[in-house]
Structures are given as C-alpha cells and as structure tokens.
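This report concerns only the one structure given below.
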Amino acid sequence: MTFLPSAASEAPMRVAFYLRLSKEDSASCESNSISNQRLILRRFLESHPELSFFREYVDDGQSGTNFNRPGFSQMMDDLDHRLFDCILCKDCARFGRDYVGCGFYIRSFDEAGIRFIAVNDQYDSFDPHRDDTIFAIKNVINAEYSRAKSKELKKLFKEKQYCGQYMGAFAVYGYQKDPSDKHHFLIDPCAAAVVRRIFSLFCIGVKKQSIARLLTEEGIPSPEEYKRAVGSHFDSGHRVKKTGWSYASVHTVLNNPVYLGHTVQNKTYRKSMCGKASRHSPEDWIIVEHTHDPIISPDIWEKTQRLLHLRSGNRPDPSSVSLLSGFLKCAECGASLSSARWGKQPVFLCGTYKRLGKSHCSPHLVPKQLLYDLILEDVNSFLVSCPDLPEILSSLCADQTSEEKDVGSSLKNIELQSAKISGYKQKAFELYSDHRLSLDDFCALQQQYALEEQKLAHFREALAHTACENDTLSAWTKAFVQSRRLPSLDRAILADIIAQIQISESKEITIVYRF
C-alpha cells in the first residue's frame, strides 16, 4: 500500500465517505442502515467547512471481519493515487471488525498524512488530544462482537441445515432457488439436461476429462459461467479463472448426492472467523433426503458410484475407459488386471506381476479377445437362466422411460423460453419503430436476446445428445427382449449386471453377478 504525498494547499480537505452494512447488522439495528450512515456523515461535513465532499464508497451486505470488499478496495485504489485526503465513517465498526486490520490501516493512514475520522467514536487522527487506547479497546470489542455473532449464526445455520433448509448463497448447478422459499430447490431444466448428460456419458465409458472437453467444445457454459449468465454474482474463489468445463467440475457433478433430491451441506468449515475454508470428510456432511425433486434416478446414481470406485487404468484411447477396466481382479492376490502386449498379442496381466515380477504373483495372462468372447457367452447364458430377469428388465426400462419424460419436459420448457424471447424481440422492434426506444437501447436489447437464444440452442443440443445417450445406456435391454441374446458388451451392461470378474492362475474365469 503506497500513497502519493499530499500536496500543500489552502483548499478544503477532500473527504471520502465510507459506508458499510452487513446482512446481520441490517437485521438487528436500523440505525446502521446505509441511509442513516450517510445522513450522519453529511451533517458532520456541514459543521466542518474545512472539509469538502469528494465521493462515497459503499459496501452493502459485506462482512466487516475482512477487508476483501469491493467498495473498500476501490477506495484504497483511489487513495493510492491521492484522489482524496480524508476518510470519514460513522464509527470504526463500519470501517471493519478485525482489530488487527483496523489498526494496520489506521497507522498507515497516519504515517501517510491521511486523516481518518470515526464520527460516533469521536475519533480524529489529526486531533493531538485523541485517546488511542480507548479507540483500540473499541476495535477489540467490535472484533469480539463479530466472533460472538458468528458463533450464534453458525449454531442457527446448523439447526436449519439439519431441518433440510438450504443455507447456501447460490443454488447447486442443475437447480434454482424457489422464488417462494429461498431454502428450497426447483429443477432448472436447461442445466439439469447437462447434468443428466454428464451421468449418461460417464456410464457408457467416457472419461471425465473427455466429458469436460466435449461440453466445452460444444459451447455449453460451465457451472460458473452459467450462474453468471442467469444473473448471479457468482465467484468460485479460484485465483485462475478458466473458461469452459474442467475435470474438477465434472467430478463434482458425478459425486454430488443433491441430484438424488437430497440437501447436502456442511461440506466445509473454518477454524477461525477469518480463516481459510477446509473440507469436511463426507461422513461429516449434513444430508437430508428427499427435500426436492431429483434430476437422476437412484439406479443411475448407484451405477455411477460403482464405476467411480473402479480403477480405470491407462489405455491407448485416452478419451474413453477400457470396457473391462476395474472389473478384472486376480483371484490370488486381489490386484486389478491391466492391459499389456505379449509379443504382438493384446492381453491382460496381473497388476502385481506387471509391477513386481513373478516373485510376487504369476502372470494370469489372458488374451483380450478370448476373454471378451467368454464373458459375452457367460452373460448371455446367465440372462437366459436368470429367474428375476423380467423384474430387472422392467425396472431398467421404467428408469429409461422416466429419463425420456424428463428430457421431453426440458425440451418443451426450452421451446417456451425461445418463444418468449421472440416475443420480446418483436416488442422491442415495435417500441423502436414508434420512437419510444433509442437506437442504442434497441441494439443492446437485441444483443442480449441473441445471447439468450444462443444459450438455449446449446442446451437444446445437449438435450438431444442426452436422449441419444440414454437410448445407448439401456439399448441392451431392448436388444435382449427382441432376440434373447446380446450381440456385444459395453460398459453400461457390465455396470448393470456384473460386480467383479476374477481370473485364477489356472485361467479359470469367475464372474460375480450383481443379482
């Protein structure tokens, strides 16, 4: 923090008003309102002709426990260029409630010759008879008040979380806050379509990084970009702001139980009021079930979690996961079997043997194509003889029908929004034609409507892809019903019916089915 030197002048001292109000202050005390603070400062200015108003800086709804506030930051930037010479605030609690930070800034102002006045505290840094000790004690009291208030609010928030009330500032991607109840979620049809597509792509074997790349290439806004596009003042807190989807954003979607209709909170905590947020382990999350409509079905969620816990390993095609990755296990040592080449032939080998050699385990070598053929034959035999097959197929088909209804509903919602935008565009043109709207305003509206239409087009495309991938996801059920035989295997089939495939040293294959 570097201030330019003050220019010697007989002109009145330029004064900046600083006004701050936190949400807690606004709820507890009307006297702290922004308008009341402004009135107090103006009255003070009228009685001091040596001061002249420069401008005011306002932080409405900002906590005083830290100094990362937009109005305060702008004030400090202007002060660096010496645009004013004095800071005037109602009291030191409005300036900040961190006594260490308050002390640092006030000392810096004093050293740079910048006057600081807290009206209600009767503190003026240019007053040679000021009582710095009393002022410091008041700063400590302000900080302790914030700590006590923080503990009280945390307790209240925790009670509401256990009741299933969502206490976050922004809705989770895929949902929007209910206008009639800000603690309740409603499905956002556009974003929900992308969530369903992410689950569908992952279940058919597409890797998370490849899903992120695909969504980015198609121009679908990431969760952060989407929240900003719909008008939320959202900031993820990351220092590097990258556009598009990332591995982390896809991973977060796939691991969030909120899409089952559950409220999930208490994921992070702070050891101190101004400390850095740390993550709770999933066991400490507060999860209240069935508080809002789900975006995905329990079957899709369970399948996704099974696939997430399987090691995918490496394969020549980095965009997708190998068909058997995570399913193959060595019957002797329990390690996963991994892809390799034995001469020119692609095979599977015991992971322990591959890493540590024959002194720890034998190769368990199995040619890939032979293993695929044997598994396909065993799966077909199992399905034909399975007594519970009709119920299983019925459940899977019902799940797909539910997904198709959701996609249809989302497409209808998008068409309704598109029709509304067309109506708005026509109305804007009529107002412009009647000279009731300026050219600049008309062009700005047309640009805004064009962006909204582009966003809807992206989500319409995402829904079309989701419908196609949902068909692929349960296509095996339809194929089996028609011909009583599966022509081939895919990762969705394995996730539906197989828990594990064990390969013994004698090349005996044991398939553990899920039902």
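- At a threshold of 4.0 Å, the pair Asp110-Arg107 does not count as salt-bridged, since none of the basic side-chain nitrogens sits closer than that to a carboxylate oxygen.
- Under the 3.5 Å distance criterion, the side-chain polar atoms of Gln265 are matched with a main-chain donor or acceptor of Gln165.
- Ser281 and Glu283 are linked by a side-chain donor-acceptor pair at a separation below 3.5 angstrom, with hydrogens and angles left out of the test.
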Verify ring pair (Phe, Tyr, Trp, His ring centres under 6.0 Å) between Tyr105 and Phe67, making sure each step is shown before the conclusion.
CA-CA 10 Å; Tyr105 280 109; Phe67 291 91; 4.9 Å; yes
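- Below 30°, between 30° and 60°, or above 60°: for Phe199 and Tyr259 the angle between ring planes is above 60°, a perpendicular geometry.
- Annotation: salt bridge (Lys or Arg N to Asp or Glu O under 4.0 Å) contacts of Asp127 (sequence neighbours excluded): none.
- Remark: Asp78 pairs with Arg55, Tyr57, Gln74, Leu83, Phe84 by the side-chain contact (heavy atoms from CB on, under 4.5 Å) rule, at least two apart or across chains.
- Residues satisfying the salt bridge (Lys or Arg N to Asp or Glu O under 4.0 Å) test with Asp124, not counting sequence neighbours, are Arg115.
- The closest donor-acceptor contact from the side chain of Trp245 to the backbone of Ile220 lies under 3.5 Å.
- Between the side chain of Asn256 and the main chain of Thr252, no donor-acceptor pair closer than 3.5 Å is present.
- Within the 3.5 Å criterion, the main-chain N or O of Cys92 finds a donor-acceptor partner in the side chain of Asp121.
- Residues Ile106 and Phe116 approach most closely at CD1-CE2, 3.9 Å, considering heavy atoms.
- Gln161 has its side chain within reach of Asn266: a pair of non-hydrogen atoms, C-beta onward, lies under 4.5 Å apart.
- Contacts of Ser246 classified as side-chain hydrogen bond (donor to acceptor under 3.5 Å, both in side chains), with partners at least two apart in sequence or in another chain: Ser249.
- Listed by chain and residue number, Gln426, Lys427 satisfy the side-chain contact (heavy atoms from CB on, under 4.5 Å) test with Glu430 (two or more places apart in sequence, or in another chain).
- Ser180 meets the side-chain contact (heavy atoms from CB on, under 4.5 Å) test with Asp178; sequence neighbours excluded.
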Donor-acceptor contacts under 3.5 Å from residues 46-54 side chains, at least two apart:
| from | atom 1 | to | atom 2 | distance (Å) |
| --- | --- | --- | --- | --- |
| Ser47 | OG | Phe44 | O | 2.8 |
| His48 | ND1 | Phe44 | O | 2.8 |

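- Distance alone, capped at 3.5 Å, is enough to place a donor-acceptor pair between the His183 side chain and the Tyr166 backbone.
- Checked by atom type and distance alone, the side chain of Ser200 pairs as donor or acceptor with a backbone atom of Arg196 at under 3.5 Å.
- In terms of the side-chain contact (heavy atoms from CB on, under 4.5 Å) criterion, Gln447 has no residue partners (sequence neighbours excluded).
- Partners of His292 by ring-ring contact (aromatic ring centres under 6.0 Å, His included), not counting sequence neighbours, listed by chain and number: Tyr175, Phe185.
- By the side-chain hydrogen bond (donor to acceptor under 3.5 Å, both in side chains) test, Glu56 is found to be paired with Arg38, residues two or more places apart in sequence or in another chain being considered.
- Panel note: side chain Arg20, backbone Gln62; a donor-acceptor pair is recorded below 3.5 Å.
- Applying the ring-ring contact (aromatic ring centres under 6.0 Å, His included) criterion to Phe429, with sequence neighbours excluded, gives no partner residue.
- Residues passing the salt bridge (Lys or Arg N to Asp or Glu O under 4.0 Å) test with Asp434, sequence neighbours excluded: Arg436.
- Side-chain contact, Tyr247 with Arg213: no donor N or O sits under 3.5 Å from an acceptor N or O.
- Counting only distance, with no hydrogens or angles, the side chain of Asp59 and the backbone of Gly71 share a donor-acceptor pair below 3.5 Å.
- Donor-acceptor pairing under 3.5 Å is lacking for the side chains of Asp91 and Tyr123.
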